[in-house]
Amino acid sequence: MEEAHAVIERLDRIHRLDSEGAHPTALIAELRELVREAEDWVRAEGEPERAAAAVDRCKEALEQRLLAV
């Protein structure tokens, strides 16, 4: 459950930074941490197949976004 709270807190932080107009590099750093924390959560849950696939999709979307910047 600790991992789930970390993800929720990270999402709140990202939302606050975005609302405050944070620089894109700050948001990207937070998104990378979000993906890492989501991976921790999936591992703690025993890596259910659908959850692991969702994390992989998030990582791919983030990488595509970084390439576009």
Side-chain angles (χ1 to χ4, degrees):
M1 205 51 132
E2 197 174 303
E3 294 84 3
H5 290 149
V7 169
I8 292 167
E9 288 174 12
R10 182 72 57 185
L11 287 169
D12 288 342
R13 180 176 169 84
I14 291 168
H15 179 71
R16 274 194 317 276
L17 287 170
D18 187 44
S19 296
E20 295 168 358
H23 193 273
T25 57
L27 290 171
I28 289 170
E30 291 294 327
L31 290 169
R32 284 187 173 132
E33 285 300 308
L34 175 64
V35 170
R36 186 191 58 74
E37 290 168 347
E39 289 173 326
D40 290 346
W41 187 9
V42 167
R43 277 192 288 281
E45 294 293 326
E47 293 198 46
E49 189 174 307
R50 289 181 64 199
V55 170
D56 288 340
R57 286 192 305 273
C58 289
K59 285 171 37 177
E60 289 172 14
L62 178 58
E63 289 304 317
Q64 288 176 2
R65 176 77 176 165
L66 291 176
L67 292 175
V69 174

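Owing to the predicted nature of the structure, the values given are computational and were not obtained by experimental measurement.
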Supply the atom-to-atom distance His15 NE2 to Glu20 CD, rounded to the nearest 0.5 angstrom.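 Answer for the NE2-CD pair, His15 versus Glu20, is 10.0 Å.
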Where do Val7 and Glu3 land on the side chain to side chain contact (heavy atoms under 4.5 Å, CB included) test, with the steps shown first? CA-CA 6 Å; Val7 169; Glu3 294 84 3; 5.8 Å; no
Of all residues at least two apart in sequence or in a different chain, which pass the side chain to side chain donor-acceptor pair (under 3.5 Å) check with Glu33?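 Arg36.
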Kindly state each residue pair satisfying salt bridge (Lys or Arg N to Asp or Glu O under 4.0 Å) with at least one member in residues 21-30, sequence neighbours excluded.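 Sorted result for residues 21-30: Arg10-Glu30, Arg13-Glu30.
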Leu27 with Leu11, same ILVMFWY side-chain cluster at under 4.5 Å: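 In one cluster: yes.
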If you compare all heavy atoms of Ile14 against all heavy atoms of Leu34, which two are closest, and at what distance to 0.1 Å?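 Result for this residue pair: CD1-CD2, 4.0 Å.
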Not counting sequence neighbours, list each pair that qualifies as a side chain to side chain donor-acceptor pair (under 3.5 Å) and has a residue in residues 53-62.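 For residues 53-62: Glu39-Lys59.
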